[in-house]
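Below is one structure, written out as structure tokens; the observations come after it.
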Protein chains: 2
Amino acid sequence: MRPSRRDELVQKALQVFYRNGFHATGMDQLVRETGISKTSMYKYFQTKDDLILACLHVRDVQFRHWFANRVEALEPRREHQLGVIFDVLDEWFSSPDFKGCMFIKAAAEFQEPDHPAHMISARHKCLMVDYIQDLAHQAGLVRTRALAGQLGLLIEGAIIMARFGNAAQAVKDARTAAKILSAAHENDGS
Amino acid sequence: MRPSRRDELVQKALQVFYRNGFHATGMDQLVRETGISKTSMYKYFQTKDDLILACLHVRDVQFRHWFANRVEALEPRREHQLGVIFDVLDEWFSSPDFKGCMFIKAAAEFQEPDHPAHMISARHKCLMVDYIQDLAHQAGLVRTRALAGQLGLLIEGAIIMARFGNAAQAVKDARTAAKILSAAHENDGS
DNA sequence: TTGTAAACGTACCGATCGGTACTTTTAGAG
DNA sequence: CTCTAAAAGTACCGATCGGTACGTTTACAA
């Protein structure tokens, strides 16, 4: 466990970027809020962008692990886990420091499609859809690629709508829609 | 048509903000890209934030008018207009200068829920859902509030996914899901 | 042609930006 | 205690930030 200081920096910077935005957060503010000197920061990361990319990478791993762990905790039976993904989302939206999806925000601030931050974000969304498809497969559903794509749209839409006003309504709509769409992908259906 | 110069500023600044982001776009860059002097800018708007808010307001009106006009053009029969909203989205995603939803990006850069930019964005999304509900009503469907909420999630999700890689896949998934969800809201259903 | 108001260009303000140089303090190992 | 390496602190760099002051040019109306 050597690089604890570096990990601590990434972890704290991650929270500040998440709460305050990337461009809007200056390095001096990071010094203030993390308690880590600028000298150390620039020893670990050559540029601010490098630090941002490290934060996004950690966030990607952490978020997907957290999500899968919450699914597992709420529903241990694998064939029923697809049914609880919007309960996990609801937990996320209801957490006091929920501020939307970090990757949607990263893509909003780094718009060039070939920017590393943009690519990490796209990959994160792709991996989430892959995970949803895996849950659909374990639920014994058919045409899981199409279903996962559709549920992915509901998830992203719910994240957006949760940021604008009523998160409860977004979760409710998403849950209802997900049940209808999933029912259309049962092996006996069309 | 007196205030042409001011409108011209808003129109051009809107495009630069849309393409380049809000914080990432400086006033000097706006002078360069719009050809309007900084003196004039600050005569029309006291602060950069005021200019941003004016841009968002214009964008809100323009986008909703554009969207409704395209729906009308693709399908004049009102009872069938709900079926073409993803064709209009497809047009938008396919336009060469598509860079996502300006209001999602505004909410990403101005995170405080009571920030005017955030509130304008939330209101825009709300008005879009209202419009979808109106189309659902004209299509003779039932429980239009729930259906509009669900279709709204699909729309926002498609916008997000279109920014990350394959827009065509997002439109295809959204169209399929929308048909299933709409069918569940026909007056003979459920 | 003159008067007038709007727009322009330029130079500038203090503050902050990302990033660097250099010295001092801390902490753990021998 | 001493040596060493890491971290901190401070002061600073040029560039850019949002915003202002002020004199010049444009364009149109009388």
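Below, all heavy atoms of this structure are taken into account, side chains as well, without hydrogens, waters or symmetry copies. Here the structure is a predicted model, which means the values were calculated and not measured. To find a chain, count down the sequence lines: A is the first, B the second, and so on, and within it residues start at 1.
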Quick one: B/R32 CZ to D/dC17 C1', roughly how many Å, whole number?
12 Å

Return the value, rounded to whole Å, for the distance between atom NE2 of A/H23 and atom P of D/dG18.
12 Å

So, is B/Y44 near the phosphate of C/dA7, with a side-chain N or O under 4.0 Å from OP1 or OP2?
yes

In whole angstrom, give the distance that lies between atom CG of A/N20 and atom P of C/dC17.
11 Å

Within the side chain of A/R59, is there an N or O that forms a donor-acceptor pair under 3.5 Å with the backbone of A/Y18?
no

How would you label the contact of A/T39 with the nucleic acid (heavy atoms, under 4.0 Å): base, sugar-phosphate, or nothing?
base

Roughly, in whole Å, what's the span from CZ in A/R5 to C1' in D/dA7?
7 Å

Can you see whether A/Q11 engages A/D7 through a side-chain donor-acceptor pair at a distance of less than 3.5 angstrom?
no

Starting at atom CG of A/D28, determine the distance to atom C1' of C/dA15, rounded to an integer number of angstrom.
11 Å

Could you tell me whether the side chain of B/K38 has a donor or acceptor atom within less than 3.5 Å of a complementary atom in the base of D/dG19?
yes

Candidate list B/R19, B/K99, B/K105, test side chain to side chain donor-acceptor pair (under 3.5 Å), partner A/Q111, passing option:
B/K105

How are the rings of A/F93 and A/F98 set to each other: parallel, tilted or perpendicular (split at 30° and 60°)?
tilted

Expressed as a whole number of angstroms, how long is the span from B/L9:CG to C/dC8:C1'?
14 Å

Nearest to side-chain heavy atoms of B/M27, which nucleotide of D/dG18, D/dG9, C/dG9
D/dG18

Length of the line joining B/K48:NZ and C/dA15:P, which is rounded to integer Å
19 Å

Starting from C1' on D/dA15, measure out to CD on B/Q29 and report it in whole angstrom.
15 Å

Over all strands shown, is B/F45 touching base, sugar-phosphate only, or nothing at heavy-atom distances under 4.0 angstrom?
nothing

OP1, OP2 of C/dC8 versus side-chain N and O of B/S40: anything below 4.0 Å?
yes

For the residue pair A/H80 and A/E75, confirm or rule out a side-chain donor-acceptor distance under 3.5 Å.
no

